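Notes for the one structure printed next.
Since the model is a prediction, treat every value here as computed from it, not as a measurement. Within every chain, numbering begins at 1; the chains are lettered A, B, ... in the order of the sequence lines, protein sequences first and strands thereafter.
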Amino acid sequence: MLQVNYIRENKEKVLEGLKVRNFKQPELVNEIIALDQVFRATQTQLNDFESEANTLAKQIGDLMRTGKKEEADLLKQKTTSCKENIKKLTEEISEIEPKLYNLVVQLPNLPYHLVKNGVGAEDNEVVYLHDKPAELPKNALPHWELAAKYDIIDFELGVKITGAGFPVYKGKGAKLQRALINFFLDSATEEGYKEMQVPHLVNEASGFGTGQLPDKEGQMYHATVDNLYLIPTAEVPVTNLYRDVILKEEDLPIKNTAYTPCFRREAGSYGAHVRGLNRLHQFDKVEVVQVCHPEKSYETLEQMNNYVQSLLQKLGLHYRVLRLCGGDMGFTSAMTYDMEVWSAAQERWLEVSSVSNFETYQSNRLKLRFKGATGKTQLAHTLNGSALALPRILASILENYQTENGILIPEVLQKYTGFDRID
RNA sequence: GGAGAGUUGGCAGAGCGGUCGAAUGCGGCAGUCUUGAAAACUGUUGACUGUCAUAGGUCCGGGGGUUCGAAUCCCUCACUCUCCGCCA
């Protein structure tokens, strides 16, 4: 979330940013500033009374110790009105504070200056296009048909044991999946990320820390008996490692990577576009996360962008990079690149990665700070990206590498799979 | 699942209802000594809020209560640990 102090001191910038995002309730800004003023005025009044009460209590203490009980009793009477005021003002504050918080969390992050004004996906900028569509054999099949033909992914079996959106990978399909995970983790390690294995269930506090709660509660699977949530992305546990942490400046940047399954309820999304591997309730993903110095975060974003592209290039996929416009960007992001691979058989682009700089939006909520040379603590910047999400990568490999004689395995994966084709 | 113990500053660990934001040790930082380093010695060292700067205020797991005054007493919730049982 944004910092109230920042909103107060940079009202115009905030309004401009919200405009780029096409944000529908700019009036929130004024409400926040007004309520914040009330909040701080009340706080000041309360502090004054608290100060008075503290002074009186100390005096009474002194008198009691020196045996002047009558004088002490006299002073005690004076505390009554003070206490009443404190009680009243405390109640006021406890009403105002959550109200203010609820307003502030409704504001999205402010876009970086490179982000273009826009409403939706059609306004995104294509900033890079790599290669051409693969040339496919005549009767090219979409991946779900290839999956059935070679018996490597079984959607029906998943339906039987769990439900739709939980595929079963079989034989070489399972092996290819594992190969991709290893390839992505090894690559991330070479790039300087530290591999982490984190829990796949998180508590409520972690859900709040990265902002899935309270708003997107319906998107997560909830183990109610223990009040734990299945993670929708590794971002949740990996970023929460740094909740309530004050780092040393020399610890930055922190680069972590983790492979996890991801669980998403995807309530309400059905239809042709979710066929096959396009949209699942459970899928695998390798995530990269960085915590860095505010001055370095855009440099870092470009590094991460390039890194993700290097993976796609090694896999030999036709892809493009989008810089999302204000209206299409996630709520918490300041700038996002989406990578999309071309699905030759479906003839559409599939999003396989999203790399974002959240600036201080996450770290403010997480209380993730660092202490610089000056001794002042300040919020760190956080970034993350998928590197990569497996199902659509798998889908596009199946589709793009299909031949008359089976599906070829990209060379870079062969040392992980141990075979060079699926037939 | 049963029984018990605990939760205090970066860590370890003390704390009588008032003089406690909190002893002490370690760690960190600065200095003395040294060619340099180590050791030793000296000093310093929490976060948040607030102010132009002071001042002031809040924080001893969370919430509530008793009291003029709570880290300390009471209630409640959460979490952690130990032992037993079960078990990958």
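Pairs of residues two or more places apart, or lying in two chains, never qualify as salt bridge (charged side-chain N to carboxylate O under 4.0 Å, His left out) while including a residue from residues 90-107 of chain A. Listed by first then second residue, pairs satisfying salt bridge (charged side-chain N to carboxylate O under 4.0 Å, His left out) with a partner in residues 178-202 of chain A number zero, not counting sequence neighbours. Among residue pairs with one or both ends in residues 197-254 of chain A, those qualifying as ring pair (Phe, Tyr, Trp, His ring centres under 6.0 Å) are A/His222-A/Tyr229; sequence neighbours excluded.
Here A/Glu249 does not pair with A/Lys371 in a salt bridge; the nearest charged N to carboxylate O distance is not below 4.0 Å.
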Strand RNA chain B in bracket notation, Watson-Crick/G-U under 3.5 Å with | for pairs to another chain: ((((((((.[[[..)..(.....]]]((((((.......))))))((((......)))).[[[[[..)....]]]]])))))))....

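Across all strands shown, A/Leu56 has no heavy atoms under 4.0 Å from either base or sugar-phosphate atoms. Backbone-only engagement by A/Lys371 is indicated by non-hydrogen atom pairs under 4.0 Å involving sugar-phosphate atoms exclusively. Contact annotation for A/Thr80: no contact, since no heavy-atom pair falls under 4.0 Å across all strands. Across all strands shown, A/Lys83 has heavy atoms under 4.0 Å from sugar-phosphate atoms exclusively, and none from any base.
Here the separation of B/A70 from B/U58, taken at their P atoms, is 10 Å to the nearest Å. Rounded to whole Å, the separation between the C1' atoms of B/G46 and B/U82 comes to 31 Å. For the P atom pair drawn from B/A71 and B/G1, the interatomic distance equals 35 Å after rounding to whole Å. B/U51 and B/A14 are spaced 40 Å apart, taking the P atom of each and rounding to whole Å. To the nearest whole angstrom, the two P atoms, one in B/C11 and one in B/G4, are 30 Å apart. Comparing the same atom, C1', in B/G69 and in B/C73 gives a spacing of 13 Å after rounding to whole Å. Distance check on atom C1': B/U8 versus B/A22 gives 9 Å, rounded to whole Å. For B/A40 and B/U49, the C1' atoms lie 41 Å apart once the distance is rounded to whole Å.
When all heavy atoms of A/Ser343 and A/Leu350 are compared, the closest pair comes out as CB-CD1, 3.8 Å.
In this structure, A/Ile393 and A/Leu312 have side chains that are in contact, with non-hydrogen atoms separated by less than 4.5 Å.
On the nucleic acid side, RNA chain B has its first and last nucleotide under 4.0 Å of a heavy atom of chain A at B/G18 to B/G69, going 5' to 3'.
Residues A/Asp62 and A/Gln43 each lie close to RNA chain B; by heavy-atom proximity, the contact nearer the 5' end of the strand is made by A/Asp62. When each of A/Arg8 and A/Thr79 is assigned the nucleotide of RNA chain B bearing its nearest heavy atom, the one mapping closer to the 5' terminus is A/Arg8.
Classification of the A/Tyr307-A/Tyr193 ring pair by plane angle, with boundaries at 30° and 60°, yields tilted.
Residues satisfying the side-chain contact (heavy atoms from CB on, under 4.5 Å) test with A/Leu15, not counting sequence neighbours, are A/Lys11, A/Glu12, A/Pro26, A/Val29.
Side-chain atoms of A/Ser333 and A/Thr336 form a donor-acceptor pair, as typed in the model, at a separation below 3.5 Å.
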